[in-house]
Amino acid sequence: MSEADIETELSLSDIYMLLSNERRLIVIELLARDRSEWDKRDLARELVTRTKGEGHSYSDYQNAHVSLIQTHLPKLRDHGVIRAGGDGERRLDPISPGPAFDLVLNAKNGAALAMSAERALGEGKTGESA
C-alpha cells in the first residue's frame with residue numbers, strides 16, 4: 001500500500017481506535033507541537049513525565065518505553081500516522097509524522113473542540129424551561 005493510499009483507507013473506526021489510548025494521544029500531540037523527528041527514548045521520557053509527573057520512577061519509564069515499542073508506535077506506524085525508521089519493532093527511530101498524521105490530528109482536534117463546546121453549553125444552562 002502506498003503512502004497516498006494509507007490516508008484514504010483509514011476508516012473512522014481506525015481513527016477512533018488510534019485516538020482511544022492516552023499514550024498514543026500524547027505521541028500525536030508531541031509530534032504536532034514541532035513536527036520534528038523524535039527518538040523513542042525521548043518520547044518515553046516525555047510520556048511518563050506527562051502521565052506520572054516529575055517524580056516518576058525508572059520502572060515507570062521502562063513501562064512507557066516498552067509499551068511504545070511493542071504496542072503504540074507499531075500501531076501508529078501501521079496506520080500511516082507516523083513514519084518510523086529502523087529495522088522492525090525493536091528500533092523505531094527516528095519517529096516523525098506520516099501521511100495520515102494530519103487526518104488523525106484533525107479528528108483529535110475536532111473531538112476536543114466538540115467536547116469543549118458541549119461543556120460550555122452545559123455550563124450555560126440555567127435550568128429554566130422555555
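Quick caveat: nothing in here was measured; it's all calculated off a predicted structure.
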Original post:
Considering only heavy atoms from C-beta outward, does the side chain of K40 approach that of I69 to under 4.5 Å?
Top reply: yes
Original post:
So do the side chains of I95 and D39 get within less than 4.5 Å of each other, counting heavy atoms only?
Top reply: no
**OP:** Sort and list the pairs that fulfil salt bridge (Lys or Arg N to Asp or Glu O under 4.0 Å) and have at least one residue in residues 43-58, not counting sequence neighbours.
**Re:** E29-R50, D42-R45, E46-R50
Subject >> Atom of L73, atom of I82 and distance for their closest heavy-atom approach >> reply: O-CD1, 3.5 Å
**OP:** Check whether any side-chain heavy atom of V104 lies under 4.5 Å from a side-chain heavy atom of L10, and answer yes or no.
**Re:** yes
**OP:** Decide whether H72 and R23 meet the rule of one side-chain donor and one side-chain acceptor closer than 3.5 Å.
**Re:** no
**OP:** Check L68 against P74 and note the closest heavy-atom contact, atom names and distance.
**Re:** O-CD, 3.4 Å
**OP:** Starting at OG1 of T51, measure out to CD of E22 and round the result to the nearest 0.5 Å.
**Re:** 6.0 Å
Original post:
By ring pair (Phe, Tyr, Trp, His ring centres under 6.0 Å), which residues pair with H65, not counting sequence neighbours?
Top reply: Y61
**OP:** For A32, enumerate each residue passing the side-chain contact (heavy atoms from CB on, under 4.5 Å) test, keeping only those at least two apart in sequence or located in another chain.
**Re:** F101, L105
Original post:
Would R35 and D102 satisfy salt bridge (charged side-chain N to carboxylate O under 4.0 Å, His left out), going step by step from the backbone distance to the final call?
Top reply: CA-CA 11 Å; R35 300 264 176 169; D102 287 330; 2.7 Å; yes
Original post:
Where do A64 and V48 come nearest, in terms of heavy atoms and distance?
Top reply: CB-CB, 4.2 Å
Original post:
How many angstroms lie between CG in L30 and OG in S36, if you round to the nearest 0.5 Å?
Top reply: 9.5 Å
Original post:
Would you say the side chain of V27 lies within less than 4.5 Å of the side chain of V81, judging by non-hydrogen atoms?
Top reply: no
Original post:
Less than 4.5 Å apart, any side-chain heavy atom of R77 and any of R83?
Top reply: no
Original post:
Going by distance alone, is a donor N or O of one side chain under 3.5 Å from an acceptor N or O of the other, for S11 and S13?
Top reply: yes
